[in-house]
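Chain identifiers are assigned alphabetically (A, B, ...) following the order of the sequence lines, protein sequences preceding nucleic acid strands; residue numbering begins at 1 within each chain. A quick note: this is a predicted structure, and the numbers were derived from the prediction, not measured.
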There are 2 protein chains.
Amino acid sequence: MDRAQSILRENGLKATKGRLEVLKLFIGAGRPIAQKEIMAMARLKLDRASVYRVLNAFLEAGIIHKAYMDGRHAVFELPDSCGEDHCHPHFSCRGCGATTCLKGMKVYSEGSPGKGFTMERQKVLIEGLCPRCSS
Amino acid sequence: MDRAQSILRENGLKATKGRLEVLKLFIGAGRPIAQKEIMAMARLKLDRASVYRVLNAFLEAGIIHKAYMDGRHAVFELPDSCGEDHCHPHFSCRGCGATTCLKGMKVYSEGSPGKGFTMERQKVLIEGLCPRCSS
DNA sequence: TTATCAATTGCAACATAGTTGCGTTTATGA
DNA sequence: TCATAAACGCAACTATGTTGCAATTGATAA
């Protein structure tokens, strides 16, 4: 029927109310969101523990990934166009705290980390002021 | 007398036992460290709250800066060679959890974040396996 | 050197993010 | 429809970090 349902099925996860709700929020948001926001946006009441379990199940299945840590809490997003090993940078606004994906930017690294280091993933977080808070 | 003392004086901070101890640990470590490590390495007993207050005082004064968030806890370091707006990337080992500064690497970004965004700081965290955990 | 006073500390309580155990409910597949 | 394993809600717990307050201590001035 809908996209959420088929994503869950593809990943061998039961299509429970909570999972559908959370997944639809991710699809609808189109930007990285945190557990707190999920609780606030969800129409049906979800238990905090259950939301974390849903997030962990999604993470394990690769349905979402951890965009970055914002202060003390994690921010998650659908992988969309980014691969596991290299993703678009994220922008975090110092003013309003909002998160944006900078899909138009690419980040290159120069030099090598050193002998013996195996690089698996690169996370880039850019901090500053968003258009609304800049003016 | 010693470097720690003069750093505190330059920044108008009282040279208390706790501050000297924490600052010496940073100087001695030569790598990013977390509050937990500070508690473990400190010879004289320091209160958890006091360590956080020392860290916050140092952050405010610019003596240290937050290298990045590792899971749920922050990792701090002396700024050394890196400016406020752009710093060397950090390497976090998936195996042993150790943190390393990749001072030999530089990170460039291509493209612009979009109209109206003001970029202030860029944080790069590279995850993978360190030489010891790779073999 | 000693007195003074604001800054700092230690303790305890609190806040927040995330996890876990357990009994109950629910989605799936036979 | 029924059986069953997975998922859920609740409550308790862990870990990181913060805050209020009384006691202590470092820097300055006498």
Side-chain angles (χ1 to χ4, degrees), chain A residues 1-2 4-25 32-40 42-61 63-76 92 97 99, chain B residues 1-2 4-25 32-40 42-61 63-76 92 97 99:
Chain A
M1 176 192 166
D2 61 14
Q5 202 119 24
S6 56
I7 289 178
L8 291 178
R9 181 154 303 216
E10 280 166 30
N11 287 279
L13 293 175
K14 279 192 189 175
T16 62
K17 281 181 204 167
R19 286 179 178 167
L20 285 169
E21 179 83 7
V22 173
L23 188 45
K24 281 177 184 169
L25 287 176
I33 51 179
Q35 177 268 347
K36 215 175 173 181
E37 290 178 90
I38 291 169
M39 296 291 285
R43 284 197 221 159
L44 61 126
K45 280 164 208 153
L46 298 172
D47 185 68
R48 216 159 52 88
S50 300
V51 170
Y52 280 115
R53 276 188 280 235
V54 167
L55 289 173
N56 284 331
F58 285 5
L59 274 179
E60 210 167 321
I63 296 175
I64 59 171
H65 68 156
K66 203 177 278 188
Y68 65 90
M69 297 293 300
D70 178 23
R72 265 202 296 241
H73 61 274
V75 181
F76 307 89
S92 175
T99 296
Chain B
M1 180 188 162
D2 60 12
Q5 203 120 25
S6 57
I7 290 177
L8 291 179
R9 180 155 304 214
E10 280 165 29
N11 288 280
L13 293 174
K14 278 194 193 174
T16 63
K17 281 180 202 166
R19 286 179 179 167
L20 284 169
E21 178 83 5
V22 173
L23 188 45
K24 281 176 185 171
L25 288 176
I33 51 180
Q35 177 270 343
K36 216 176 175 180
E37 291 180 89
I38 291 169
M39 297 290 284
R43 285 197 219 158
L44 61 124
K45 281 164 207 151
L46 297 172
D47 186 68
R48 220 160 49 88
S50 300
V51 170
Y52 281 114
R53 278 189 279 234
V54 167
L55 289 173
N56 285 330
F58 284 6
L59 273 178
E60 210 167 319
I63 296 175
I64 59 171
H65 68 155
K66 203 177 278 188
Y68 64 91
M69 296 294 298
D70 178 24
R72 263 201 296 241
H73 61 275
V75 182
F76 306 90
S92 174
T99 296

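For A/Leu55 and D/dA7, the CG to P distance is 14 Å, given to the nearest whole Å. If you take CG of A/Asn56 and C1' of D/dA7, they are 14 Å apart, rounded to a whole angstrom. Going from atom NZ of B/Lys45 over to atom P of C/dG10 covers 11 Å, rounded to whole Å. The interatomic distance linking A/Leu44 (CG) with C/dT26 (P) rounds to 12 Å, in whole Å. Atom CG in B/Leu46 sits about 15 Å away from atom P in C/dT8, given to the nearest Å. Distance, B/Gln35 CD to D/dT18 C1': 12 Å, rounded to whole Å. Nucleotide D/dG26 holds its C1' atom 16 Å from the CZ atom of B/Arg53, rounded to whole Å. The CG atom of A/Asp47 sits 14 Å away from the C1' atom of C/dG23 (whole-angstrom rounding).
Residue-level contact check: A/Thr16 touches the backbone only, with heavy atoms under 4.0 Å from sugar-phosphate atoms and none from bases. Residue A/Ala49 is classed as a base contact, given a heavy-atom separation below 4.0 Å to a base.
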Verdict with reasoning, A/Leu8 to A/Ile63, per side-chain contact (heavy atoms from CB on, under 4.5 Å): CA-CA 9 Å; A/Leu8 291 178; A/Ile63 296 175; 4.3 Å; yes

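Partners of A/Glu21 under the salt bridge (Lys or Arg N to Asp or Glu O under 4.0 Å) rule, at least two apart in sequence or in another chain, do not exist in this structure.
An end-to-end axis angle of 30° holds for the helix from C/dT1-D/dA30 to C/dA30-D/dT1, taken from five base pairs per end and rounded to 10°.
B/Leu59 and B/His65 get closest at one heavy-atom pair: CD2-CA, 3.6 Å. When all heavy atoms of A/Arg19 and A/Val54 are compared, the pair lying nearest together is CG-CG2, 3.8 Å. Listed here is the closest heavy atom pair of A/Ala4 and A/Leu23: O-CD2, 3.5 Å. In terms of heavy atoms, A/Tyr52 sits closest to A/Gln35 at OH-OE1, 3.4 Å. Across B/Ala57 and B/Leu13, no two heavy atoms sit closer than the pair O-CD1, 4.4 Å.
Contact annotation: A/Tyr52 reaches the phosphate of C/dG18 (side-chain N/O to OP1 or OP2, under 4.0 Å). Contact check, B/Lys36 against D/dA15: no side-chain N or O comes under 4.0 Å of OP1 or OP2.
At least one side-chain heavy atom of A/Leu55 sits under 4.5 Å from a side-chain heavy atom of A/Ile38.
In the interface, the side chain of B/Arg48 is not paired with the base of C/dG10 through any donor and acceptor atom under 3.5 Å apart. Scanning atom types as modelled, no donor and acceptor separated by under 3.5 angstrom connect the side chain of B/Arg19 and the base of D/dG26.
Here the nucleotide nearest the side chain of B/Lys17, chosen from D/dG17, D/dG26, D/dC8, is D/dG26.
For the contact set between residues 8-15 of chain B and DNA chain D, defined by any heavy atom under 4.0 Å, the members are B/Lys14, B/Ala15.
Distance check: B/Arg53 CZ to B/Leu46 CG gives 12.0 Å after rounding to the nearest 0.5 Å.
For the pair B/Glu37 (side chain) and B/Ala34 (backbone), a donor-acceptor distance under 3.5 Å is present.
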